[in-house]
Amino acid sequence: MQTTISKSVQLNGIGLHSGCNVTMSILPAPANTGIVFRRVDLPNKPEIKALYSNVVNTQNCTCLGDAEGNLVSTIEHVMAALYVKGIDNALIEVNNQELPIMDGSGKMFFEALKEVELKDLSAPRMYLKVKKEVSFTDKNGNTASLKPADKFAINFEIEFPSQIVGHQKFSGEITPEVFEQKIAPCRTFCEKYQVDYLQSIGLAKGGSLDNAVVLDGEQILNPGGFRVKNECVNHKVMDAIGDLFTSGHRILGELTASKTGHFHNNELLKLLFADKSNYELV
């Protein structure tokens, strides 16, 4: 059966790019609501459903928008936590355009959701079963594909010039245990020159060593270094889980991705839903 949370959850933090203080509240929602974001700081409190078709920007994060130009950005980490926790329906109220980045990972979202019990609803849960392989390749040859499987699994690899990251791979089924131990603690990461550039154009105003892994050549600027082995690729896996939840369903399929990101995840879902023979709801 579909689920929601039994009581509300509130988190506070700053927006990674805006630098603004943000409060978000995750509230119970009825069956067939899905995940919906509500901008409580705007007139009429507009709501935007977390669907791939409402994604309007994938540069540096996943951003939802509506026809009136209202936005909610950096949704991917909480979406991943909701997915793995098994929450089908929730209303997320936020008082700014950007969700709080917390510590740059999904750990705090997942831990907050673990504190509340789930509530079963009266409608059955429908799974999105991938029936045939669908692939998207960008102009640089980086590819993401979904193929049929009887569970949700991800194979992901990245390649960076710095030896401290280098070639990293993740491969396995996405279970709550794997997510909690290997994926949720993994922070967003970037090179120092990227932070300098983003801040020069008015972004990453809230970025710091408290909410991102910052690399400078062969050095990690964060005290303590990486949290877990292969933290960088595992963070990309978390992003992919959150982005694929904008399908509106839990997926029975296997994602294979190489050097890809939010843009590729969204394009892959567009291709999947473009042909009804690619999938079925079961």
Side-chain angles (χ1 to χ4, degrees), residues 9-19 21-24 26 35 50 58 60-63 72-87 90 92 94 96 98-116 154 156 158 160 164-165 168-170 172 174-192 194-195 198 203-215 220-246 255 257 260-262 265:
V9 174
Q10 189 174 93
L11 298 105
N12 301 282
I14 62 169
L16 176 62
H17 293 294
S18 66
N21 290 317
V22 189
T23 297
M24 63 177 286
I26 308 174
I35 309 300
T58 53
N60 302 310
C61 68
T62 295
C63 178
V72 179
S73 63
T74 321
I75 67 164
E76 56 271 16
H77 301 166
V78 72
M79 289 291 289
L82 289 163
Y83 183 99
V84 175
K85 188 65 175 69
I87 298 166
I92 303 177
V94 59
N96 212 306
E98 188 175 21
L99 269 61
I101 191 64
M102 309 310 288
D103 67 350
S105 77
K107 186 173 186 287
M108 292 183 176
F109 295 121
F110 193 67
E111 287 179 346
L113 291 170
K114 277 187 69 177
E115 293 298 311
V116 298
I154 293 180
F156 210 119
I158 59 173
F160 280 78
I164 204 162
V165 178
Q168 295 186 6
K169 293 180 69 175
F170 174 94
I174 305 302
T175 66
E177 294 76 23
V178 167
F179 185 81
E180 183 171 22
Q181 295 169 17
K182 297 183 178 181
I183 299 172
C186 298
R187 298 157 292 177
T188 191
F189 64 97
C190 57
E191 298 275 2
K192 183 179 181 298
Q194 294 173 310
V195 178
L198 288 171
L203 296 175
K205 293 178 181 178
S208 73
L209 297 181
D210 293 328
N211 54 38
V213 177
V214 181
L215 310 173
I220 304 175
L221 299 185
N222 305 66
F226 290 123
R227 282 181 176 172
V228 299
K229 185 181 179 182
N230 292 341
E231 181 166 357
C232 295
V233 72
N234 288 11
H235 182 84
K236 300 282 278 185
V237 170
M238 178 169 59
D239 284 347
I241 295 168
D243 288 345
L244 291 182
F245 197 20
T246 63
L255 172 72
T260 56
H262 303 298
N265 298 332

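Just so you know, these numbers come straight off a predicted model, no measurement behind them.
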(message) Between Ile26 and Leu11, is there a side-chain heavy-atom distance shorter than 4.5 Å?
(response) yes
(request) Identify the heavy atoms of Phe109 and Pro100 that sit nearest to each other, and give their distance. (result) CZ-O, 3.4 Å
(request) Decide side-chain contact (heavy atoms from CB on, under 4.5 Å) for Leu215 and Leu221; before the verdict, give the C-alpha distance in whole Å, the side-chain angles of both, and the deciding distance to 0.1 Å. (result) CA-CA 6 Å; Leu215 310 173; Leu221 299 185; over 6 Å; no
(message) So, taking the atom named CG in Asn96 and the one named OG1 in Thr74, what distance separates them when rounded to the nearest 0.5 Å?
(response) 10.5 Å
Distance-only criterion, 3.5 Å: show the donor-acceptor pairs between side-chain atoms of residues 175-186 and protein atoms not counting sequence neighbours.
residue : atom : partner : partner atom : Å
Thr175  : OG1  : Val178  : N            : 3.1
Glu180  : OE1  : Lys114  : NZ           : 3.4
Glu180  : OE2  : Lys114  : NZ           : 2.7

(request) Drop me the distance from Leu99's CG to Cys61's SG, to the nearest 0.5 angstrom. (result) 9.5 Å
(request) Specify the closest pair of heavy atoms between Val165 and Phe160, including all atoms of both residues, with the distance to one decimal. (result) CG1-CD1, 3.7 Å
(message) Going by salt bridge (Lys or Arg N to Asp or Glu O under 4.0 Å), name the residues that satisfy it together with Lys169, two or more places apart in sequence or in a different chain.
(response) none
(message) Give me the atom names and distance for the closest heavy-atom approach of Cys232 to Phe226.
(response) SG-CE2, 3.8 Å
(request) Indicate yes or no: at least one non-hydrogen side-chain atom of His235 is less than 4.5 angstrom from one of Thr188. (result) yes
(request) List for me each residue that meets side chain to side chain donor-acceptor pair (under 3.5 Å) alongside Ser18, sequence neighbours excluded, and say none if there are none. (result) Glu98
(request) Output all residues satisfying side chain to side chain donor-acceptor pair (under 3.5 Å) with Ser105, sequence neighbours left out; order by chain, then residue number. (result) Asp103
(message) Please evaluate residues Ile35 and Val78 with respect to the criterion side-chain contact (heavy atoms from CB on, under 4.5 Å), reporting the C-alpha separation (whole Å), side-chain torsions for both, the decisive distance (0.1 Å), and the verdict.
(response) CA-CA 10 Å; Ile35 309 300; Val78 72; over 6 Å; no
(request) For residues Arg187 and His77, determine if any side-chain heavy atom of one lies less than 4.5 Å from a side-chain heavy atom of the other. (result) no
(message) For the backbone of Thr23 and the side chain of Gln10, can you confirm whether one donor and one acceptor N or O come within less than 3.5 Å of each other?
(response) no
(message) Tell me if a side-chain donor or acceptor on Lys236 pairs with a main-chain N or O of Thr260 at a distance below 3.5 Å.
(response) yes
Atom pairs and distances, donor-acceptor, side-chain atoms in residues 203-211, under 3.5 Å, two or more places apart:
residue : atom : partner : partner atom : Å
Ser208  : OG   : Asp210  : N            : 3.0
Asn211  : OD1  : Ser208  : N            : 2.9
Asn211  : ND2  : Gly206  : O            : 2.9

(message) For a quick test of reading the model, state the closest non-hydrogen atom pair linking Lys85 to Phe110 and the distance between them.
(response) N-CE1, 4.1 Å
(request) Report the distance from atom CG of Asn222 to atom CZ of Phe189, rounding to the nearest 0.5 Å. (result) 12.5 Å
(message) Between Ile92 and Leu82, is there a side-chain heavy-atom distance shorter than 4.5 Å?
(response) yes
(request) Starting at CE of Met238, measure out to OH of Tyr83 and round the result to the nearest 0.5 Å. (result) 15.5 Å
(request) Please report the C-alpha distance between Glu76 and Asn265 in whole Å, then the side-chain angles of each, then the deciding distance to 0.1 Å, and finally whether the side-chain contact (heavy atoms from CB on, under 4.5 Å) criterion is met. (result) CA-CA 11 Å; Glu76 56 271 16; Asn265 298 332; over 6 Å; no
(request) Could you pull out all residues at least two apart from Asn21 that satisfy side chain to side chain donor-acceptor pair (under 3.5 Å)? (result) none
(request) Kindly give the heavy-atom pair with the smallest separation between Ile14 and Val22, and that separation in Å. (result) C-CG2, 4.4 Å
(request) Kindly compute the distance separating CG (Leu244) from CE (Met79), expressed to the nearest 0.5 Å. (result) 10.0 Å
